[in-house]
Enquirer: 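Let me begin by handing over the structure; questions about it come next.
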Amino acid sequence: MKQIFNFSAGPAVLPKAVLQRAQAEMLDWHGSGMSVMEMSHRGKEFTSILEKTEADFRTLLNIPRQYKVLFLQGGAIAENAIIPLNLLNGKSADYVVTGAWSKRSVEDARAYGDIRIAASSESTGFTEVPAFESWQLNKDAAYVHICTNETINGVEFAGNQDLVLPDTHGVPIVADMSSHILSRKIDVTRYGVIYGGAQKNIGPAGLCIVVVHEDLLNQASALTPAVFSWKTQAENQSMINTPPTYSIYIAGLVFEWLLAQGGVAAIEQQNIAKANLLYNYLDSSDFYYNNIQVANRSRMNIPFRLRNEQLNDAFLKGAEAQGLLQLKGHRMVGGMRASIYNAMPIEGVKALIAYMTDFAQQHG
Ligand code: PMP
């Protein structure tokens, strides 16, 4: 079979070893005689899967016990409404707009209360995170919302070690980490809430993980649906409804795989190497370019353009013929985008660069 590298932004490539394990366990999970899809979510088998999945996730991100880990549905877009419902409590909230996803968060949250834009890089075309000095933060806000990695625009909060965050004077930070969670070390204690849809670095779509400090569980609006009440879900092991059991199971396999790779610190080194390879190539090219401020370039989602956009279709067609899939940029921004999540091996990035080099030689 031809070697395929899938650069989709999500749902995205999963580790082959995980898919093979799921295949092997598909019909009969650990001698239970059942597929995970057929199990009661309250039975002992699935309970053991959920407990192990949560424990491994906590280990990977070093999550203190004061934080609850919730396995919810609705995805990150649902959280745009669920967050203000759970946290606003009659106050205002500050949002920082760094790309298409945080902009969408503002639009969705506005129905629920006083949502203020503390800073925005829209006027630059979303090529950077606005300088912290320009953020107009309100010390009485219920929370500050950020998206630490903008999947569409390819903008990530800066930081060589941990992500660099501004001082919010005690106002909790709520971070959409959908597209870079588990790709790098983070200090969970600097956030009130971390959330992300699963379909990039975690597993299949249908699952949304929310990590929330227990101090933030008592301010939900009475209108919050029970399935979206973090407090209710925290008190019920995310089982007030039927959770997305198969997605949770695959997430658990991904976490085991990640631990076997050496955990987040080890995968982060690989992610840095992969991203450097591609950015260095783009910067050395006069055929392709990426225009994101260097400090805010995403390690996970790398948009790039051909200087001659008339070659876009030929570029994509040729890439597909080489087994380099889903490189088309998001329809909002055009161009190309290579998403290189944890499960993308460095060989995929090398194959992409080899193809790009060939294509530039032929058409340059
Ligand atoms: N936020 C970010 C950063 C995303 O990348 C995405 C999906 N690509 C979303 C939110 C929306 O996620 P979903 O469609 O799962 O609700």
Side-chain angles (χ1 to χ4, degrees), residues 6-14 70-86 95-111 115 120-122 126-129 143-157 163 165 173-184 186 191 193-211 225 227-228 243-244 246-248 250-251 254 271 292 296-303 326-334 336-344:
N6 173 7
F7 294 92
S8 170
V13 59
L14 288 170
L70 309 178
F71 295 90
L72 305 181
Q73 290 168 80
I77 291 184
E79 288 303 319
N80 287 342
I82 295 166
I83 289 162
L85 278 168
N86 276 276
Y95 279 63
V96 176
V97 180
T98 49
W101 286 115
S102 48
K103 190 175 172 188
R104 170 80 201 246
S105 295
V106 171
E107 287 160 7
D108 288 342
R110 278 211 160 119
I115 302 299
S120 170
S121 58
E122 187 159 15
F126 294 131
T127 53
E128 63 185 32
V129 173
Y143 60 91
V144 179
H145 181 279
I146 58 178
C147 174
T148 44
N149 187 64
E150 291 279 359
T151 323
I152 293 175
N153 306 86
V155 173
E156 186 168 13
F157 272 59
L163 294 173
L165 299 172
I173 294 178
V174 174
D176 176 357
M177 294 199 183
S178 293
S179 50
H180 73 163
I181 194 162
L182 295 172
S183 72
R184 58 186 302 153
I186 50 160
Y191 303 84
V193 179
I194 291 168
Y195 68 101
Q199 65 271 23
K200 295 128 182 357
N201 271 334
I202 293 177
L207 167 66
C208 181
I209 297 189
V210 176
V211 180
V227 291
F228 294 144
Y246 200 75
S247 296
I248 291 170
I250 300 286
V254 170
N271 288 332
I292 306 302
N296 294 130
R297 282 174 161 181
S298 169
R299 294 174 183 167
M300 294 286 102
N301 309 99
I302 306 189
Q326 311 219 46
L327 284 163
K328 192 173 178 154
H330 192 276
R331 60 189 187 281
M332 282 169 78
V333 296
M336 309 297 156
R337 173 177 51 173
S339 294
I340 52 173
Y341 297 118
N342 288 347
M344 171 62 68

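Order of listing sets the numbers, starting from 1, for every ligand and every atom in it. Just so you know, these numbers come straight off a predicted model, no measurement behind them.
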Enquirer: Find the distance between OG1 (Thr98) and NZ (Lys103) and round it off to the nearest 0.5 Å.
Expert: 12.0 Å
Enquirer: Quick check: Ile77 and ligand 1, any N/O pair under 3.5 Å apart?
Expert: yes
Enquirer: Among all protein heavy atoms, pick out the one at the shortest distance from atom 5 (O) of ligand 1; state its residue, atom name and that distance to 0.1 Å.
Expert: Thr151 OG1, 2.4 Å
Enquirer: Which of the numbered atoms in ligand 1 are below 4.0 angstrom from a heavy atom of Gly75?
Expert: 15 (O), 16 (O)
Enquirer: Please say whether Gln199 places an N or O atom under 3.5 Å from an N or O atom belonging to ligand 1.
Expert: yes
Enquirer: Of all the heavy atoms in Ala76, does at least one lie under 4.0 Å from an atom in ligand 1?
Expert: yes
Enquirer: Check each of Asn201, Thr148, Asn149 against Ser179 using the side chain to side chain donor-acceptor pair (under 3.5 Å) test, and report the only one that passes.
Expert: Asn149
Enquirer: With heavy atoms only and a cut-off of under 4.0 Å, state how Ser178 meets ligand 1: side chain, backbone, both or neither.
Expert: side chain
Enquirer: Applying a heavy-atom cut-off of 4.0 Å, say which part of Cys147 lies close to ligand 1: side chain, backbone, both or neither.
Expert: side chain
Enquirer: Using a heavy-atom cut-off of under 4.0 Å, does the side chain or the backbone of Asn149 touch ligand 1, or both, or neither?
Expert: backbone
Enquirer: Could you check Val210 against Val193 for side-chain contact (heavy atoms from CB on, under 4.5 Å), going step by step and ending with a plain yes or no?
Expert: CA-CA 7 Å; Val210 176; Val193 179; 4.0 Å; yes
Enquirer: Quick one: nearest non-hydrogen protein atom to atom 8 (N) of ligand 1, plus distance?
Expert: Lys200 NZ, 2.9 Å
